[in-house]
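These figures come from a predicted structure and were not determined experimentally. Heavy atoms only: backbone and side chains are in, while hydrogens, waters and symmetry mates are out. A note on names: the letters A, B, ... follow the listed sequences, proteins ahead of strands, and every chain is numbered from 1.
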Number of protein chains: 2
Amino acid sequence: MSLRYALLALLSVEPMTGYDLSKRFESSVAYVWHAPDSQIYPELRRMEKDGLLNGEEVPWGPRGKKTQYRITAEGTAAFRDWMNTPLEYSRERDPVHLKAAYLEWADPDAARAHMQAHIDYHTLRREQWAGMIEELKNGTNVTLTKRLAVTPEADRRRTLEYKVFTYEGLVARAETEIEWGHRGLELIDSLSDSS
Amino acid sequence: MSLRYALLALLSVEPMTGYDLSKRFESSVAYVWHAPDSQIYPELRRMEKDGLLNGEEVPWGPRGKKTQYRITAEGTAAFRDWMNTPLEYSRERDPVHLKAAYLEWADPDAARAHMQAHIDYHTLRREQWAGMIEELKNGTNVTLTKRLAVTPEADRRRTLEYKVFTYEGLVARAETEIEWGHRGLELIDSLSDSS
DNA sequence: CCAGAATACCTATCTCCATAGTTAGTGCCT
DNA sequence: AGGCACTAACTATGGAGATAGGTATTCTGG
């Protein structure tokens with residue numbers, strides 16, 4: 001159900017087509033949420049049926065046309081409602097730690113590869129997120145700039161600060177995972193030596 | 001697909017019924033993986049069809065009977081294979097950080113409640129995981145004790161150490177989240193004052 | 001001995017998400 | 001004029017998981 005609210009968040013800045021949204025999901029937003037276009041198009045139609053969006057046919061070139069979705073007052077209210085509703089935490093389902101718990105079954109090289117992949121994955125994420133923080137802070141992030149342009153002055157600081165705070169949390173998380181990965185590599189080495 | 005391997009991991013110690021497994025998923029393993037019985041029973045039948053398990057009808061009381069699943073050599077090989085296969089990291093999908101990024105839409109009290117819920121959730125998890133580490137270290141964890149009893153002596157230290165390492169990683173992760181939550185509460189306060 | 005908790009197993013429905021296609025128009029380069 | 005990348009949108013299938021039921025037997029406490 002979060003897809004719906006991720007879409008509302010993006011559409012609260014400006015109207016967009018399904019294609020625009022799916023591109024946005026592939027780039028910036030993808031660091032926090034991902035969705036393929038095959039999920040986005042039907043969801044947009046459902047949201048229009050529920051009155052959260054208005055779809056308008058817009059000409060595209062001489063013969064083509066495309067559907068642009070604009071958020072309605074009802075849509076804005078639904079998003080604000082969601083933001084004021086406590087989040088339900090779903091059950092643990094963590095393949096990485098499931099595997100880690102049985103690492104004695106793996107060859108030492110495969111075990112090392114698991115840990116290295118974990119380090120690599122979270123190193124990449126950390127860089128992406130740190131880059132996002134830089135963009136937010138020096139005003140080069142297009143999405144944020146557009147949003148700030150339609151945000152009343154009194155709310156602008158909060159809008160910026162919460163986004164920075166979010167990505168700082170993701171950086172901190174990535175760093176914890178990287179540290180754990182390095183501890184894992186050390187552990188594998190020490191257990192392979194003494195065996 | 002990880003459910004299959006979580007089941008194989010448990011069945012590598014001793015044969016169990018679907019009910020045993022679903023209980024185990026509710027308690028100890030649930031800290032890392034969760035699955036309802038409605039998912040477990042059909043998966044066990046599929047695994048038997050695939051030759052990974054052998055189901056044996058076992059009497060249960062005077063009239064009743066139950067199906068106990070025993071891992072086959074093929075099942076053990078499949079588990080070891082999986083343990084030697086690199087893990088695919090799925091895309092980001094994080095409702096907590098999605099909400100955090102738009103916290104300016106929430107009332108300050110609701111924003112505070114989000115962060116407090118995050119702190120509470122991860123505080124509970126940290127305690128459960130720390131308790132698990134204690135159990136593992138002082139030998140009071142039943143699952144581990146049974147496993148060690150069927151593990152060749154040369155592998156016992158690894159079996160223990162990897163499990164401790166796994167839960168230490170989860171404790172570290174929880175602590176990072178708790179810290180982030182506290183930073184969030186401070187941020188909300190500072191932004192509410194100056195507004 | 002009986003109520004009720006626990007054990008054992010099963011089914012149905014629904015949403016979500018991944019994957020892998022298809023169709024068709026646009027814009028640009030050569 | 002043809003090739004090709006991009007824009008735009010849709011469909012179909014299948015697995016995974018959540019949720020909410022159902023049936024029947026056994027064990028245990030009063």
Contact under 4.0 Å: Y41(A) side-chain N or O vs dC10(D) OP1/OP2: no

Interatomic distance where CZ belongs to R24(B) and P belongs to dA6(C) [whole Å]: 18 Å

Phosphate OP1/OP2 of dG17(D): any H34(B) side-chain N/O under 4.0 Å: no

Between dC9(C) (P) and E56(B) (CD): distance, integer Å: 13 Å

Contact nearer the 5' end of DNA chain D, comparing S38(B) with K65(B): S38(B)

Separation of dA8(C) P from K23(B) NZ (nearest whole Å): 10 Å

Between dC9(C) (P) and E43(B) (CD): distance, integer Å: 16 Å

Donor-acceptor pair between E56(B) and T67(B) side chains, under 3.5 angstrom: no

Distance, rounded to the nearest Å, where L7(B) contributes CG and dA16(D) contributes P: 12 Å

Y19(A) side-chain proximity, nearest of dA8(D), dA18(C), dA8(C): dA8(D)

Phosphate OP1/OP2 of dC9(C): any T67(B) side-chain N/O under 4.0 Å: yes

Under-4.0 Å side-chain N/O to phosphate OP1/OP2 contact, R93(A) with dC16(C): no

Closest listed nucleotide, where the reference is the side chain of L3(B) and the choices are dG25(C), dC17(C), dG17(D): dG17(D)

Side chain to side chain donor-acceptor pair (under 3.5 Å) between D120(B) and T123(B), worked out: CA-CA 5 Å; D120(B) 292 346; T123(B) 301; 5.3 Å; no

Aromatic ring proximity, centroids under 6.0 angstrom, H118(B) and H122(B): yes

Rounded distance (Å) that lies between atom P of dC16(C) and atom CZ of R4(A): 8 Å

Upstream residue (5' side of DNA chain D) when D37(A) and W60(A) are each assigned their closest nucleotide: W60(A)

Within-4.5 Å side-chain heavy-atom neighbours: K99(A) and W82(B): yes

5' priority, DNA chain C, between E88(B) and R45(B) [closest heavy atom]: R45(B)

dG15(D) OP1/OP2 closer than 4.0 Å to side-chain N/O of R46(B): no

Spacing of I40(A) atom CD1 relative to dT15(C) atom P, expressed in whole Å: 19 Å

Of Q68(B) and A35(A), the one whose closest DNA chain C nucleotide lies more 5': Q68(B)

Selected nucleotide, minimal atom distance to Q39(A) side chain, candidates dC16(C), dA8(C), dT19(D): dC16(C)

Qualifying residue for side-chain contact (heavy atoms from CB on, under 4.5 Å) with M115(A), from L187(A), V96(A), L103(A): L103(A)

Separation of dA18(D) P from Y89(A) OH (nearest whole Å): 17 Å

